[in-house]
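Following: one structure in structure tokens, then a few remarks.
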Protein chains: 2
Amino acid sequence: MIVNKLRELRDVKMSESDTSEIWTQEGLAKRLGVTRQTIISMEKGTYNPSLALAFKLANLFGVKIEDIFEFRGDKSES
Amino acid sequence: MIVNKLRELRDVKMSESDTSEIWTQEGLAKRLGVTRQTIISMEKGTYNPSLALAFKLANLFGVKIEDIFEFRGDKSES
DNA sequence: TTTAAATGTAAAGTCTACTTTACGTATAGT
DNA sequence: ACTATACGTAAAGTAGACTTTACATTTAAA
């Protein structure tokens with residue numbers, strides 16, 4: 001199981017920048033090359049994105065993958 | 001596109017440990033909870049594993065995800 | 001030279017990340 | 001009140017990660 005801090009990180013970015021449409025779900029989706037639905041699903045948190053998408057997110061937010069995603073191996077694996 | 005150092009890392013582990021069957025493709029697959037085919041596909045390199053699998057690998061090898069996988073965003077994205 | 005362990009390949013099947021479309025709600029500006 | 005923007009939800013479809021099975025090749029030890 002994987003948990004993430006996507007929503008928190010995005011909220012910070014939105015409050016920081018005045019050109020805020022860059023960090024909306026849609027703006028983020030566009031820059032990642034995915035759909036808004038994918039962002040929504042990720043923020044809801046119960047799924048396991050691809051490594052490529054995780055790398056792109058980390059790059060956009062300027063952090064490491066481990067700063068966004070946390071792996072909890074304990075429960076029913078995946 | 002994602003490239004990885006899986007094969008090199010595994011080779012090192014195999015030469016280091018005398019109970020080497022732990023680090024064979026099959027041993028590794030078993031401990032990861034995937035099949036040997038998945039390991040082979042990853043070592044061939046042309047695919048994009050899930051974040052969960054990347055985390056498990058990093059844990060087993062005792063390194064960070066970024067030490068195994070490198071993201072090359074330049075080419076045809078994914 | 002035979003045997004077994006480790007690796008390689010190929011092809012069809014399953015599951016789920018991700019897409020597409022469409023509609024619904026909340027909020028703020030005019 | 002009306003409009004536009006950002007967010008939420010649901011459902012069916014596509015693509016690719018991962019499985020399953022089966023067989024072939026390499027390597028080293030007995």
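In the text below, chain A, chain B and the rest are named by the order of the sequence lines, each starting its count at 1.
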Distance in Å, A:Asn48 CG paired with A:Leu53 CG, rounded so as to fall on 0.5 Å steps: 11.0 Å
OP1 or OP2 of C:dT19 less than 4.0 angstrom from a side-chain nitrogen or oxygen of A:Thr35, does that happen here? yes
For a quick check, tell me whether the side chain of A:Gln37 and the base of C:dT20 share a donor-acceptor pair closer than 3.5 Å. no
Linking I/L/V/M/F/W/Y whenever their side-chain heavy atoms sit closer than 4.5 Å, directly or via other members, would B:Ile40 and B:Leu57 fall into one cluster? no
Separation of D:dC23 C1' from B:Ile40 CD1 (nearest whole Å): 13 Å
Of the listed C:dG8, C:dC18, D:dC7, the closest approach to the A:Arg36 side chain comes from D:dC7
Is A:Tyr47 close enough to C:dC18 that one of its side-chain N or O atoms is under 4.0 Å from OP1 or OP2 there? yes
Could you check whether any side-chain N or O of B:Arg10 sits under 3.5 Å from a backbone N or O of B:Trp23, counting only pairs where one atom can act as donor and the other as acceptor? yes
Does A:Thr24 make a side-chain N or O approach to OP1 or OP2 of D:dT5 shorter than 4.0 Å? no
Spacing of A:Ile39 atom CD1 relative to C:dT19 atom P, expressed in whole Å: 9 Å
Does B:Ser41 make a side-chain N or O approach to OP1 or OP2 of D:dC18 shorter than 4.0 Å? no
Ignoring backbone atoms, test whether B:Arg7 places a side-chain nitrogen or oxygen under 4.0 Å from the OP1 or OP2 oxygen of C:dG8. yes
A:Leu53 has its side chain closest, among C:dC18, D:dC7, D:dT19, to C:dC18
